[in-house]
Amino acid sequence: MIDLKILRDDPERVRASQRSRGEDESIVDLLLAADEARRSAESNYGALRNEQKDLGKLIGPLQGRLKKAADNERAAISAEIDTLMAGASDLADRVKAAEAQRDASDTSAQALLGRLSNLIDPAAPVGGEDDFTVLEHVLTPRDFAAEGFAVRDHVELGEILGAIDIERGAKVSGSRFYYLTGVGALLEFALINHAISLACGNGFIPMIPPALVKPAAMEGTGFLGQAAENVYRLEADDLYLVGTAEVPLAAYHSDEILDAATLPRRYVGYSPCFRREAGSHGKDTRGIFRVHWFDKVEMFSYCDPADALNEHARLLGWERQYLDSLEIPYRVIDVASGDLGASAARKFDIEAWVPSQERYREVTSTSNCTEFQARRLRVRMRDGEGVRPLATLNGTLVAITRTMVALLENHQQADGSVRVPAALQPYLGGREFLTPLT
RNA sequence: GGAGGCGUCGCCUAGUCCGGUCGAUGGCGCCCGCCUGCUAAGCGGGUUGGGGUCUCAAAAGCCCCUCGGGGGUUCAAAUCCCCCCGCCUCCGCCA
C-alpha cells in the first residue's frame, strides 16, 4: 500500500500513477472520502471512550471504599455510586456504537487502500506491454545459417539429449507440465548450484522457503489483485501455492522492525513456482517455455528506501553477471508502466535470445517495490530518526525452464550436442558437452 | 488425531484463583545526563507499537487503542466466558 500522507497531500500524483498503469483512478477520490470518514469516526470514538474511562476512575475507588466501609457509611457511598451509574449504561451503548462505526469506516478505507497499486517511478517508460525501452544488448546471436545447419528448438534438443520429457509430463499432470530427465535433471542442479554459489559470494543468505503460504503473505506481496487469477489456491486448507519465492521471502520479516544498521538484508531463495497461466491459452504452447510449474532461484532484498534505487541496479547487475557466465546473448529492457505488477514502481527484464523463435524472450525480472510491500506486510526499520517502512526489491537469478531453453538452443551444435559454458562445467562433473543419447 | 501445559510493551519476569489504586511490576539490555584523566562501577532519568488531535510542517503536549488473535459478559477485562492461532511435553501415525 502507498503512504496515505501522499494521497492527502498530492492526490493528483496518485491519480497520474494509476492512469499510467491503465488502472482505475476513481479509487483515489473514494479513498480520500473514506479516509476522512475514518478519521472523524476515530476522534468520535476516542472522545466517548475517554468519557467512559473517566467515569470508571470515579466508580472504582468508591467500590473499594464500599467494601471496607463501616455499616453506617454504606448507604451514603452506595447512593454516590448509584448517581454515577445512572448514565453509565447509556454511555456504554454510545461507546459501542461509535466503536462499530470506527471499525466499519476503517475497514472500508483499508479495502480501498488495498486496491491501489504502487506509485510508478517517473523514470519508467509510459505505455503498455510493447512500450518498453531497450537499455542494452549483450553478445550477438549466432548465425546458424552461416554455420551451415538448421536450428533445433529446445523440445527437439531435449528429446535427443534425453533431458526433457514433455509427453509424459502431459500424461501424468496435463498440458504445460514436463519431466526433467537424465542430463536435464542434472542441468537443473547445476544451474541452481551455480546461482546459489554466485549469490552467496555476493553476500546473500541462502534460503529454502515454504512454497505454500497463508493468504496474508499472498495479499501482502500484491498477488491477490489483478494477478489473482494466476495463483493456485488450496481451498480445503486456505493456502496458496507461491508463484515465486518472492512471496515467502517478503513475508519472512512481516510484523518485524529491523535495525537499520543490519540493512540491506539480502536473501536468495530456491523454490518451486506455480502459475495457473490463465488467459494465456494458445500462447507458447510448445515446450517448456511457459509452464504451470518450474523451479527458480530468486534474490530478495530489504533495504533503506533511500538506497532502493542503487539496490535495484545491483540486483540487475547480479542477474547480468549470471547470464554473462552462461554466455547467452540477451538484452535488458526497462518495462513500461502498464506492464508492471501492482507492487513494482519500476521493473527491468532481461530477455535472452531464443534462436528457434528468432527473438528475445524474458528470462529474468527485477522489481523495485519501494515501501509498497513493506507497508502491507508491516516490515519496518528503526534508525536514529525512528521507525518507518523500508523498501523491498526482488530479482530472478535463474528461472530453470526458460534459462534451459536459452541455454540448449544457443549452445547447440550441428550434431545435436550442446556445449556447456565453462562456468557451468564444475557443476556438471567437468562435462564440456551434453551429447545425444544414441 | 488424542491428552496436558504455556503465550505480558527488545529479552526474562510479577500480576490472572477473588474484575476497579495493573491506566501493567521488577531485572537485564539499550539511550541520555552526572561523577571520573579514560573505562568500569556508582547515581539520576528515559526506553512497545499504531491511530487521532494540534501544526504550513515537525517536535512537544493531549486523547484513544495495543497483555497471541477475534468475539462475549460488565458501568469497568491482562484478570471471567466462548472460538481460533502458535509454541512445548507425552501418546498415536508417518517421510
Side-chain angles (χ1 to χ4, degrees), chain A residues 1-11 13 31-69 74 77-114 208 210-217 219-220 236-240 248 251-263 265 272 371 374-390:
Chain A
M1 64 186 71
I2 66 158
D3 187 353
L4 269 177
K5 273 202 194 85
I6 293 177
L7 185 94
R8 283 179 209 138
D9 297 347
D10 191 2
R13 184 177 157 201
L31 181 52
L32 278 171
D35 179 50
E36 192 56 48
R38 185 197 116 251
R39 285 190 292 163
S40 93
E42 177 70 45
S43 299
N44 183 241
Y45 168 72
L48 283 170
R49 180 69 180 143
N50 184 227
E51 205 178 310
Q52 187 182 43
K53 290 177 78 173
D54 283 344
L55 186 60
K57 271 180 236 180
L58 296 175
I59 295 173
L62 282 174
Q63 293 283 13
R65 271 173 57 200
L66 184 63
K67 278 180 198 149
K68 290 180 224 153
R74 286 242 160 96
I77 297 173
S78 280
E80 212 176 325
I81 291 174
D82 289 346
T83 313
L84 290 171
M85 289 281 219
S89 181
D90 175 58
L91 179 59
D93 287 344
R94 282 186 291 143
V95 168
K96 207 161 262 186
E99 188 183 16
Q101 194 175 18
R102 194 266 317 256
D103 291 345
S105 65
D106 192 55
T107 305
S108 52
Q110 208 59 40
L112 284 165
L113 184 57
I208 299 183
L212 225 40
V213 300
K214 296 198 271 191
E219 182 86 61
D237 300 285
D238 200 18
L239 289 170
Y240 293 89
Y252 185 66
H253 285 302
S254 53
D255 288 308
E256 293 182 25
I257 299 173
L258 307 180
D259 184 342
T262 67
L263 302 176
R265 292 214 196 185
E371 295 112 296
R375 279 215 172 75
R376 303 183 127 208
L377 292 164
R378 294 166 308 280
V379 190
R380 290 161 295 171
M381 56 180 260
R382 191 202 313 272
D383 60 11
E385 311 283 288
V387 174
R388 60 182 185 282
L390 44 67

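By convention in this document, chain letters (A, B, ...) are assigned in the order of the sequence lines, proteins followed by strands, and residues within each chain are numbered from 1.
For D237(A), there are no salt bridge (Lys or Arg N to Asp or Glu O under 4.0 Å) partners at least two apart in sequence or on another chain. For the salt bridge (Lys or Arg N to Asp or Glu O under 4.0 Å) test, no residue two or more places apart in sequence or in another chain qualifies with R265(A). Residues that satisfy the salt bridge (Lys or Arg N to Asp or Glu O under 4.0 Å) test with D259(A), not counting sequence neighbours, are absent from this structure. Partners of D3(A) under the salt bridge (Lys or Arg N to Asp or Glu O under 4.0 Å) rule, at least two apart in sequence or in another chain, are R375(A).
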Base versus backbone protein contacts along nucleotides 49-64 of chain B [heavy-atom cut-off under 4.0 Å; B, S, -]: SSSSS----S----SS

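Between C28(B) and C80(B), the distance separating the two P atoms is 31 Å to the nearest Å. Atom P of A14(B) sits at a distance of 32 Å from the matching atom of G1(B), rounded to the whole Å. Taking the C1' atom of each, U66(B) and G50(B) are spaced 8 Å apart, rounded to whole Å. Atom name C1', nucleotides U73(B) and U79(B): the rounded distance is 14 Å, in whole Å. Annotation: C54(B) and A40(B) have their C1' atoms spaced 46 Å apart (nearest Å). C17(B) and G33(B) have their C1' atoms separated by 45 Å, given to the nearest Å. Rounded to whole Å, the separation between the C1' atoms of G29(B) and C87(B) comes to 25 Å. With both ends at atom P, the span from G15(B) to U8(B) equals 14 Å, rounded to whole Å.
Heavy atoms from other residues, nucleotides or ligands lying under 6.0 Å from CD of Q101(A) number 12 at most.
Using the Watson-Crick or G-U wobble rule with both distances under 3.5 Å, C75(B) pairs with G20(B). Pairing for C38(B) is absent, judged as Watson-Crick or G-U wobble with the two contacts each under 3.5 Å. When Watson-Crick and G-U wobble pairs are counted only if both distances are under 3.5 Å, C30(B) pairs with G46(B). For G92(B), there is no paired base (Watson-Crick or G-U wobble, both distances below 3.5 Å).
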Please tabulate, one pair per line, each protein N/O and nucleotide N/O from nucleotides 93-95 of chain B that are separated by under 3.5 Å, including the distance.
none

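Remark: P of U74(B) and CG of D93(A) are 10 Å apart, rounded to the nearest angstrom. Per the geometry, CD belonging to E99(A) stands 13 Å off C1' belonging to A77(B), to the nearest Å. In this structure, K214(A) places its NZ atom 11 Å from C1' of C84(B), rounding to the nearest Å.
R380(A) places none of its side-chain heavy atoms less than 4.5 Å from the side chain of R388(A). The side-chain heavy atoms of R13(A) and I6(A), taken from C-beta on, include a pair separated by under 4.5 Å. By the 4.5 Å heavy-atom criterion applied to side chains, K53(A) and L55(A) are not counted as neighbours. Using a 4.5 Å cut-off on side-chain heavy atoms (C-beta onward), R102(A) and R38(A) make no contact. Within the 4.5 Å cutoff, the side chain of D35(A) has heavy atoms near those of the R8(A) side chain.
In this structure, K96(A) reaches the sugar-phosphate backbone alone: every heavy-atom distance under 4.0 Å involves primed, P, OP1 or OP2 atoms, never a base.
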